[in-house]
Structures are given as C-alpha cells and as structure tokens.
Amino acid sequence: MRRYFGRKLLIYGLTFFVAVTVNWLIPRFMPGDPVASMVARANVTQPAAAEAMRVYYSNLFGFDQPLITQYLNFWAALFRGDFGISIWLFPSPVSSVIMTAVPYTLALIVPSVLLSWVVGNRFGAYAARRKVLDNTVLPVGYVLTAMPYMWLAVLLAWALGVIAGLFPVAGGYSFSMRPTWSWAFLLDLLHHWTLPFLSLFLVALGGWAIGMRNMIIYELESDYSNYLAALGAPARLIRRYAFRNAVLPQITGLALQLGVIVAGALVTEIVFAYPGLGSLILNAIKNKDFFLLQGTFLFIVLGVLIANFIIDIVYVVVDPRTRAGMAGAQA
C-alpha cells in the first residue's frame, strides 16, 4: 500500500508542476500590458509622471526581468506562500483577495458535488428496479446531463428569479446588508445561494442517475447475481451486492468529472455574479491581473488534485479487490 500511494503522490506531484507551469504561462500569452492598464486607470496626464509610474510598477512586479528569471522567482515566492500583489486591487495581496472568494466557491461546489452524487446514485438504483420510475428518471436524466451549466443557470435565473421572483439573480447577498454573524444575514446568503446551487446540482444529478441505473442493470444480469438467485438468496441481498459493485465505477467517475464540475461552478458564478473564484477570474482577465489569475488557477488545481487523491483513498477503502491486489503485488 505504501508503494501504491508513493506512486500516486509522484504522479500528483508531476501533475501539479506541469499545471502550475501552464497556469504561469497562460496570463503571459494574454494580449495587452497590465502595467499600461494600471497607468491608464491612474489618469496621469503628464508623460514624465506616467513613465515614472510605468518603470516603478514594472520593477515592483518584476516585469522588467527576463521570463526565465520571472518563472524562477515565481516558484521561489510560491514556496514561501507569497502569491504576489493584485494588479486589479493594488496593493492588496493575492492571497487575501482569494480567501474572500474561496468560501463562496466551496459553499457551491462541495454540497452540489456530494448531494448530486448521493441522490443521483440512489435515484438511478431505484430506477433500475422500477419501470415507472425508470420511464421518468431516464429521459429527465438525459435532458439534465445534456444541459450546459451556463444555459441551465440562465433558465433558472429567468424562470425562478425574473418571472417568479422567488430568488435573487445576482450577488452573494443583498447590497443593503453587511456581512455579520446573524440569522438575517445567513438566511440572505442562503437565498442568494439557492439558484447557483440548483444549476450545478441538477446537471450533475442527471449524469449520476443514468450511470448508476445502467450499472445496476448490468450487475443484476451478471453471473454472480444469477448464481445467488439460483441458490435462493433474497432479492434484497442480491440488490445490495449489485449496488456495492455498481458504485465503484461511480467513484472513479467522480474523480474524472471533478474538473468539469469545478469549471461549471466557475461559469455559474459568472452568470449569477456570485462573488466566488469565477467572478475573480473574470475580473482578473478584464484587468490583465497576472498574479490574481495565477493565484486562482493555483488554488483550483491544488483543490482538484487533493480531492482526487482523497477519492483514490476512498476507492481503496471501499474496494477490497484493490487492497488484495496491492497485498499480492507486495508479496
């Protein structure tokens, strides 16, 4: 088992290195000059003062150095926990800007991922055994899973926000309120959170339901299920074994789909102007904020890799065949 997790850590380490390198390169391929944008926002009319500001900011952010030096300095600062200074919100540190948005993104992603996986697998398992439920879950599931996150978010905002007036369509909380630890503010947060959550939850729910429904049907028709039935085993026991075997590919699918779900969450935040990492990325692109882009991408990559590693550990725990295989390899 130690060798197995050692290989996994090596793979994740190499993936992290490549992903962070690509994330460092992406902002530098963007058109435009971030320092020129900062000078333009300052509305300086005197050319000498504008040039002095340009030289100062270029030196401050390290843009006057060769790219290879900037890259090495980036890694050195990263190991110190320094993500740099935001160009858009100068002089705020990138880490503090990101930490204001992270709770909103986690509040969307974690419940939507876990609840859609649990509820979708349960509905899919029930649909495989009940024809009436199968005739409704299957078509609805195909429609939901085929919907882009952004499109469903727009539909929900229009139907439940604009037309029905049940939920707000923008922001993390009302503009008239200030963040406090009070029930009024928490209820207002929940009110603004509902539509972004539903758009993520419903799209993921359809995919998990269809996947579990197909896997349950396959497991119930397998040789071991027929053998247990021939021995007179109760149908409930056979379904329990079928569900335990069918859920293993769903765990693998959760690891594979995690990046897609995170990307969908970022797009959904932009649709609802939700103050999470998606909105930060959009504003960083608009303002050519290299350091904020690097910081948000780094946080997303690190979060996805950690979540995948946790899923690998869960897979080893729930699948005895994996543990037996590792034990055989060590022997």
Side-chain angles (χ1 to χ4, degrees), residues 103-130 132-173 187-216 243 246-247 249-279 282 300 303-304 307 311:
Y104 291 97
T105 298
L106 291 180
L108 277 183
I109 293 179
V110 174
S112 61
V113 168
L114 296 180
L115 288 177
S116 64
W117 192 83
V118 172
V119 176
N121 285 329
R122 287 296 178 181
F123 265 102
Y126 292 144
R129 307 196 305 266
R130 292 171 174 82
V132 175
L133 190 59
D134 187 27
N135 291 334
T136 57
V137 168
L138 192 61
V140 172
Y142 278 124
V143 171
L144 289 176
T145 194
M147 283 187 177
Y149 289 98
M150 182 175 60
W151 188 49
L152 182 58
V154 172
L155 287 180
L156 289 175
W158 173 77
L160 300 180
V162 178
I163 301 300
L166 298 176
F167 300 99
V169 296
Y173 53 88
L187 289 175
D188 190 67
L189 277 178
L190 182 63
H191 201 208
H192 284 75
W193 169 86
T194 303
L195 286 185
F197 164 77
L198 283 178
S199 63
L200 295 175
F201 172 78
L202 292 175
V203 173
L205 176 70
W208 297 129
I210 292 172
M212 177 55 76
R213 178 256 183 197
N214 294 336
M215 288 303 304
I216 287 291
F243 181 82
V247 81
Q250 295 292 85
I251 297 176
T252 305
L254 179 60
L256 295 175
Q257 290 293 317
L258 198 57
V260 178
I261 295 172
V262 171
L266 300 181
V267 174
T268 302
E269 288 178 359
I270 294 174
V271 172
F272 290 102
Y274 201 71
L277 293 179
S279 299
L282 179 63
I300 293 168
V304 171
I311 292 173

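These figures come from a predicted structure and were not determined experimentally. Heavy atoms only: backbone and side chains are in, while hydrogens, waters and symmetry mates are out. Heads up: numbering here begins at 1 and tracks the sequence.
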Review point. Can you name the residues that form a side chain to side chain donor-acceptor pair (under 3.5 Å) with T105, not counting sequence neighbours?
Key: E269
Point to revise | With Y104 via ring-ring contact (aromatic ring centres under 6.0 Å, His included) - residues at least two apart | key: Y274
Review point. What are the two closest heavy atoms between T194 and L190, and how far apart are they?
Key: OG1-O, 2.8 Å
Check your understanding: What are the two closest heavy atoms between L195 and P168, and how far apart are they?
Key -> CD1-O, 3.6 Å
Practice item. Determine, step by step, whether I300 and L266 satisfy the side chain to side chain contact (heavy atoms under 4.5 Å, CB included) criterion, reporting the C-alpha distance in whole Å, the side-chain angles of both residues, the deciding distance to 0.1 Å, and the verdict. Key: CA-CA 10 Å; I300 293 168; L266 300 181; 3.5 Å; yes
Check your understanding: Got a sec, which residues hit side chain to side chain contact (heavy atoms under 4.5 Å, CB included) with A265, two or more places apart in sequence or on another chain?
Key -> I109, L200
Study note, to complete from the structure: Taking every heavy atom of G171 against every heavy atom of P275, the minimum-distance pair comes out as C-CD, 4.0 Å
Check your understanding: By ring-ring contact (aromatic ring centres under 6.0 Å, His included), which residues pair with F197, not counting sequence neighbours?
Key -> W193, F201
Practice item. For residues G264 and T268, report the shortest heavy-atom separation together with the two atoms involved. Key: O-OG1, 2.7 Å
Review point. Does atom CZ of F167 have more than 12 heavy-atom neighbours from other groups under 6.0 Å away?
Key: yes
Review point. What residues form a side chain to side chain contact (heavy atoms under 4.5 Å, CB included) with A246, not counting sequence neighbours?
Key: M212, M215, I216, E219
Side-chain donor-acceptor distances from residues 138-145 under 3.5 Å, at least two apart:
none

Exercise for review: Mind checking ring-ring contact (aromatic ring centres under 6.0 Å, His included) for Y173 and listing every partner two or more places apart, or none if nothing turns up?
Suggested key: F185
Can you give the donor-acceptor pairs under 3.5 Å from side chains of residues 147-163 to other protein atoms, not counting sequence neighbours?
none

Revision key, fill the gap. L282 meets the side chain to side chain contact (heavy atoms under 4.5 Å, CB included) criterion, sequence neighbours left out, with I270, K286
Practice item. Mind checking the CG-OG spacing from N121 to S116? Nearest 0.5 Å is all I need. Key: 9.0 Å
Review point. Which residues pass the side chain to side chain contact (heavy atoms under 4.5 Å, CB included) test with L254, sequence neighbours left out?
Key: V113, W117, W208, I311
Review point. Think R213 forms a cation-pi with Y126, using NZ or CZ under 6.0 Å from the six-ring centre and within 45 degrees of its axis?
Key: no
